[in-house]
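Chain letters run A, B, ... following the sequence lines, proteins first, then strands; residues in each count from 1.
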Amino acid sequence: MKPKYYVTTPIYYVNDVPHIGHAYTTLACDVLARWKRLDGYDVLFLTGTDEHGQKVEKAAEAAGMSPQAFVDKVSVAFREMGAVMGISNDDAIRTTEPRHKVSSTALWQRLLAAGDIYLGGYEGWYAVRDEAFYDEGELTTRADGSKVAPSGAPVEWVVEPSYFFRLSAWQDRLLAFYAAHPDFIAPESRRNEVLSFVKGGLRDLSISRTSFTWGIPVPGDERHIMYVWLDALQNYVTATGWPDAGAARAGFWPADLHMVGKDILRFHTVYWPAFLMSAGLPTPKRVFAHGWWTIEGEKISKSLGNVVAPAELVESYGLDAVRFFLLREVPFGNDGNFSRKALVSRLNVELANDLGNLAQRSLSLIARNCGGVLPARGAATEEDVALRGAAEALPALLRQRMDSQAFGDALEDVWKVIRAGNGYIDRQAPWALKKTDVVRMGHVLRVLADVLRVVATVLQPVMPGSMGKMLDQLGVPSEARDLAALGTALAEGTVLPAPQGVFPRFVEEAS
RNA sequence: GGCGGCGUAGCUCAGCGGUAGAGCAGGGGAAUCAUAAUCCCUUGGUCGGCGGUUCAAAUCCGUCCGCCGCUACCA
């Protein structure tokens, strides 16, 4: 039986407009999912949308629609984004689905049975204008004695009945959990932040509301609806069919990886494991918090009008170039800056010149001088062994990179081999061997074809379309494109199709 | 304020106790199979400042300066 791998994106809040940040998170998960499939795993890759909450209720009202009709409409944008980015998710969960109501209700009952839920009152300074609660310390007192939020909105003291989760009781168990699972939170700096937060003490968590109704009712007390994160986080479990132990996907929980933006790290690394442990469910193995993108040096913001639509980028530069750029440009986990200049540079230098051109020059030499068929392997020289060895080391190397979500390092590893390939072809000069040693020329071209095959194979998760084309040109059968297949050499004499450039250079239109 | 991190070549970053590295950008040369692509060589850094530990410090400790993150209930 294949080993299982379960990776999730956050569920995206439908009130947002999908932008490059959402695309980035989802893309990272997609590459992992594709990599694991390539490596023989049975993969469950989940994304989805968070469709409950007061903001949605209000937005629906403003649009003159029922909340359900509203979310049916706006959630489409996120599924379209997935299609545009070439995302290979197995499921796209929506928190408004019946299966999720069943699962969230069951979770609540588990927490209740564990004695971790009690009825209390949620009170605090609330600004109606901001629809938000504020801490005493955040407020400013005006001359007339009234208090205002940092936004300047007036606040009032409100009390609302609410169910609470006994998070305060979980501090020690959480700290023990982090200690026992040092890889649970990544990157390291984020782990430190979470540890420091939990060590500072935990307060009980309000997990229900009565002030609006668009949510999942609390079992046994339907005046309340479950609040935000309890319902939202549970989606990851819902998708595995829980609480039906016989569900087809039952074996996928716990997730191997929750990919999140750094803004929602705490919910995934503090509340979520506490909920799960309380419910007697296994905890996810790892949560990775990636960084943010700025656009041409500026924060992404609607008011700046610099929100970059993924579809527009794909339209301008091509899907694979965009996918490559996002994972290549910035060490994963760091913040990064998106600039068109940098994207064009990566596309032209690394994709077109380094990789595309290496394939094109190698393949056209084979087409012209080897009758268009794959030459045989021959006695290997020291240089042949070195280059072939570097390529053959890639799968094992990338396995480690992928398991630590080091996409940038993974791509750098591959590019070292590609650069070495260009050095090799220059030194071997098969175009000169054509006149002096045709047999050796064939052997050299075969080394290049073999190296390109490995490179194209391991790059498929990042650039599925263009690497598929490259494998076509290398004569690799569609059933021989996974990592395991790399152990079997291609048959000499395989007829290769006419080579065609895979990555055209991007030329700015003359103005 | 508290806790944590960062500051290394023009740019983006790796190195984290043993004579400063990569990619890009800049300069010179070679080649001409190839997407005017490629290859080779090369300029460039007192590794934020100051002190300390050590035979030896980007690398450990202290301190100062400058940035950044976290410091709970909008998803």
### Query
In whole Å, what separates the P atom of B:U63 from that of B:G5?
14 Å
### Message
Measuring only between side-chain heavy atoms, which start at C-beta, is A:R94 closer than 4.5 Å to A:D72?
### Response
yes
Protein-nucleotides 30-37 of chain B N/O pairs closer than 3.5 Å?
residue	atom	partner	partner atom	Å
B:C33	O2	A:R361	NE	3.3
B:C33	N3	A:R361	NE	3.4
B:C33	N3	A:R361	NH2	2.6
B:C33	N4	A:R361	NH2	2.9
B:A34	OP1	A:R368	NH2	3.0
B:A34	O2'	A:N357	OD1	2.5
B:A34	N1	A:R361	NH2	3.4
B:A34	N3	A:N357	ND2	3.2
B:A34	N3	A:R361	NE	3.1
B:U35	O2	A:F503	O	3.3
B:U35	N3	A:F503	O	2.7
B:U35	O4	A:G356	O	3.2
B:U35	O4	A:V502	N	3.4
B:U35	O4	A:F503	N	3.4
B:A37	OP1	A:R505	NH2	3.3
B:A37	O3'	A:N353	ND2	3.3
B:A37	O2'	A:N353	O	3.4
B:A37	O2'	A:N357	ND2	2.7

### Message
I'd like the C1' distance from B:C73 over to B:C16, given in whole Å.
### Response
40 Å
### Query
Are side-chain heavy atoms of A:L351 and A:R346 found at a separation under 4.5 Å?
no
### Query
To the nearest Å, how far apart are A:R346 CZ and B:A25 P?
11 Å
### Task
For A:F267, report the nucleic acid contact type (base, sugar-phosphate, nothing); a contact means any heavy atom under 4.0 Å.
nothing
### Message
Contact between A:Y163 and A:V218 at the side-chain level, heavy atoms closer than 4.5 Å - yes or no?
### Response
yes
### Ring geometry between A:Y178 and A:F184 (parallel below 30°, tilted from 30 to 60°, perpendicular above 60°)
parallel
### Message
Using 30° and 60° as the class boundaries, would you call the ring planes of A:Y271 and A:F267 parallel, tilted or perpendicular?
### Response
perpendicular
### Query
What distance, rounded to whole Å, do you find between the two C1' atoms, one in B:G17 and one in B:G52?
16 Å
### Syn/anti state of B:A58 by chi, 90° boundary around 0
syn
### Message
Roughly how many Å apart are B:G49 and B:A72, using the P atom of each and rounding to a whole number?
### Response
36 Å
### Task
Tell me which residues in residues 400-424 of chain A put a heavy atom below 4.0 Å from RNA chain B, sorted by number, or none.
A:R419, A:N422, A:G423
### Query
Whole-Å distance between B:C3 P and A:R191 CZ?
19 Å
### Message
Only Watson-Crick and G-U wobble pairs with both distances less than 3.5 Å should count. Give RNA chain B in dot-bracket notation, marking inter-strand partners with |.
### Response
((((((((.[[[[.)..(..]]]].(((((.......))))).....[[[[[..)....]]]]])))))))....
### Query
How close or far is atom C1' of B:C73 from atom CZ of A:R209, stated in whole angstroms?
7 Å
#### Entry: Rounded interatomic separation in angstrom, taking CE from A:M226 and C1' from B:C73
17 Å
### Query
Rounded to the Å, how far apart are A:Y227 OH and B:A72 C1'?
12 Å
### Message
Contact between A:N337 and A:T294 at the side-chain level, heavy atoms closer than 4.5 Å - yes or no?
### Response
yes
### Euclidean distance for P, B:G7 against B:U12 (whole angstrom)
12 Å
### Query
Salt bridge between A:D183 and A:R191, side-chain N to carboxylate O under 4.0 Å?
no
### Message
In whole Å, I'd like the distance from the CD atom of A:Q428 to the C1' atom of B:C40.
### Response
15 Å
### Earlier contact from the 5' end, RNA chain B, for A:E329 and A:K262
A:E329
#### Entry: A:Y227 six-ring face occupied by A:R209 cation (under 6.0 Å, within 45°)
yes
### Message
If I pick the P atom on B:G51 and the same atom on B:C40, what distance separates them, to the nearest angstrom?
### Response
43 Å
#### Entry: Donor-acceptor contact present, side-chain A:R446 to main-chain A:P375, <3.5 Å
yes
### Query
Starting at CD of A:E160 and ending at P of B:C73, how long is that distance when rounded to a whole Å?
15 Å
### Query
Where does the angle between the aromatic ring planes of A:F78 and A:Y12 fall among parallel (under 30°), tilted (30 to 60°) and perpendicular (over 60°)?
parallel
#### Entry: B:U35 and B:C41, which share atom name C1', separated by this distance in whole Å
26 Å
### Query
With no hydrogens and no angle check, is any side-chain donor or acceptor of A:N235 less than 3.5 Å from a backbone partner on A:A232?
yes
### Query
Can you tell me how far P in B:C68 sits from the matching atom in B:C50, rounded to whole Å?
24 Å
### Query
Does the side chain of A:T25 reach to within under 4.5 Å of the side chain of A:H290, using non-hydrogen atoms?
yes
### Summary
Atom CD1 of A:I185 and atom C1' of B:C70 are separated, to the nearest Å, by 13 Å
#### Entry: Aromatic plane relationship, A:H258 with A:W272 - under 30° parallel, 30 to 60° tilted, over 60° perpendicular
tilted
### Message
Return whichever of A:N192 or A:S206 has its heavy-atom-nearest nucleotide of RNA chain B closer to the 5' end.
### Response
A:N192
